[in-house]
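In each ligand, atom 1 is the first atom listed, and ligand 1 is the first ligand listed. The analysis underlying the following values was restricted to heavy atoms, covering all of them including side chains, and did not include hydrogens, waters or symmetry mates.
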Amino acid sequence: MQISIEPLAADARKPFPQNLTFGKYFSDRMFTQKWTAEQGWYDAKIGPYGPFTLDPSTAVFHYAQEIFEGTKAYRRPDGNINLFRPWENIKRFNRSATRMAMQQVDPEEHLEAIVQLVTLEHEWVPNQDGASLYIRPALIATEPALGVHASHSYLHFIILSPVGPYFATGFNPVPVYISDDYVRAVRGGVGDAKTGGNYAASLYVSEQVKELGYQQVLWLDAAERRYVEEVGSMNIAFVYGDKRIVTPALSGSILPGITRDSVLKLAPDLGYTIEEARLEVSDILRDLAKGEITEAFGLGTAAVVAPVSKFGYKEKEYVVGGGESGPVAKQLFQTLTDIQYGRVADPYDWTLTIKV
Ligand code: COI
């Protein structure tokens, strides 16, 4: 693939934002390429960041045939830039594409597009503590037609956003409400694909629980409302007795998180035992009440590790670890971010360094 690089007008350069939040600011350039059955992937280019012009009948607006990814570029102490396990995001992107009946991208070309874009935009990778450049690839159905069928054309694009912590409260623990009347995803549905509809489905309840003073929703399985699945837009893990980390086994309706997978791989090296299991919410609440569960946290690219302060369920509250962030969450956060930012050696070969 030849990526054509379009020049950037001097007045297209934006100032670097003062206060980084999550996903509000975007760099000067973006990657785009298009697909049709006749031409395959074509017109790969990196050009100025800006709006698309799409016909109002475009399939993505009506039937939500779209997928996305999230990964980050981190500023290393030596000034170079690390990507973290980008290969895993690309594999998941293509798995999501298949589930949504969309055209897959070429994995190597997708990585090449990320590397070229981040290299050109390297000044957008923050060097503030806890900040990074969030990379958002997406694929949308662009056929202008209202028939319900897989689109015959697609647009693949990658945008970059310099970000601070995902939660305004930083690493502070968040209160979580366990939803037992609404669900996020069903087994056999699209819960294990990174498609916008899963996030849209979560918004109504997420807004409702804010009224009750909670910040995130813990999702249960759709069939029985009995098993723990995800928290907010993250995977969830519980810690028993400061040593045993337990997380729901992938069920088909849980997104296979890359942070989750990284924790499963590195936690045993830190002396923890790991268990993937079907977790009954009633057992979790019992073990929380007995104090056997010492910590709970979400795991995701955006927040990395997000400790839970308490769970609300059917008008009762279950405080976790005195409502404070615990040592396991802190150690996992520190260890993972040390590898991501290149502050320590990467024994797992998870990072790809871009020299700038
Ligand atoms: C993540 O934790 O990386 C997510 O999936 C959140 C993202 C949708 C903003």
Side-chain angles (χ1 to χ4, degrees), residues 20-27 64 66-74 82-93 95-97 99-100 114 130-140 157-174 176 184-185 190-207 209-210 215-219 228-237 247-248 250 253-264 296-308 329 332-333 336-337 339-341 350:
L20 291 177
T21 51
F22 186 85
K24 286 249 191 273
Y25 307 102
F26 299 94
S27 81
E66 86 90 36
I67 58 163
F68 67 94
E69 263 307 325
T71 180
K72 284 173 171 174
Y74 305 87
N82 270 356
L83 301 180
F84 183 72
R85 308 187 74 187
W87 311 277
E88 301 308 315
N89 290 90
I90 297 169
K91 278 190 227 156
R92 190 171 63 187
F93 195 63
R95 286 200 308 270
S96 299
R99 179 63 185 86
M100 298 303 287
I114 290 176
S132 56
L133 186 66
Y134 187 76
I135 303 168
R136 168 54 63 88
L139 180 64
I140 60 172
F157 61 92
I158 305 172
I159 56 176
L160 305 175
S161 175
V163 297
Y166 186 66
F167 295 115
T169 48
F171 192 68
N172 292 329
V174 296
V176 169
R184 170 191 168 272
V190 295
D192 59 353
K194 209 159 174 71
T195 184
N198 290 326
Y199 298 79
S202 75
L203 300 179
Y204 177 69
V205 190
S206 306
E207 291 304 313
V209 305
K210 279 187 203 155
Q215 223 176 308
Q216 293 286 311
V217 181
L218 183 88
W219 303 103
V228 173
E229 297 228 308
E230 289 194 24
V231 63
S233 56
M234 288 174 278
N235 295 116
I236 177 103
T247 189
L250 298 178
S253 48
I254 295 177
L255 189 83
I258 292 155
T259 310
R260 173 188 182 278
D261 185 70
S262 305
V263 164
L264 290 177
F297 40 79
L299 297 168
T301 296
V304 190
V305 179
V308 177
L332 291 174
F333 179 83
L336 260 176
T337 54
I339 295 173
Q340 289 168 334
Y341 284 88
W350 281 340

In short, Ala73 meets Ser132 closest at the heavy-atom pair O-CB, 3.4 Å
Residues Thr337, Tyr74; criterion side-chain contact (heavy atoms from CB on, under 4.5 Å); working and verdict: CA-CA 9 Å; Thr337 54; Tyr74 305 87; 6.0 Å; no
Aromatic rings Trp350 and Phe84: how do their planes relate, parallel, tilted or perpendicular, breaks at 30° and 60°? perpendicular
Shortest non-hydrogen contact from Ser202 to Trp219? CB-CZ2, 3.4 Å
Atom indices of ligand 1, in the order listed, that fall short of 4.0 Å to a heavy atom of Thr301: 1 (C), 2 (O), 3 (O)
A side-chain contact here means heavy atoms from C-beta on lying under 4.5 Å apart; do Lys72 and Val163 qualify? yes
For atom 8 (C) of ligand 1, what's the nearest protein heavy-atom neighbour? Residue, atom name and distance, please. Tyr199 CE2, 3.7 Å
Ligand 1 to Phe22, heavy atom cutoff 4.0 Å, flagged ligand atoms 9 (C)
So if I count the atoms of ligand 1 from 1 in the order they appear, which ones are less than 4.0 Å from some heavy atom of Lys194? 4 (C), 5 (O)
Note the single closest protein heavy atom to atom 6 (C) of ligand 1, along with its residue, its atom name and the distance in Å. Ser233 OG, 3.4 Å
Within the structure, does Ala302 bring an N/O atom to less than 3.5 angstrom of an N/O atom in ligand 1? yes
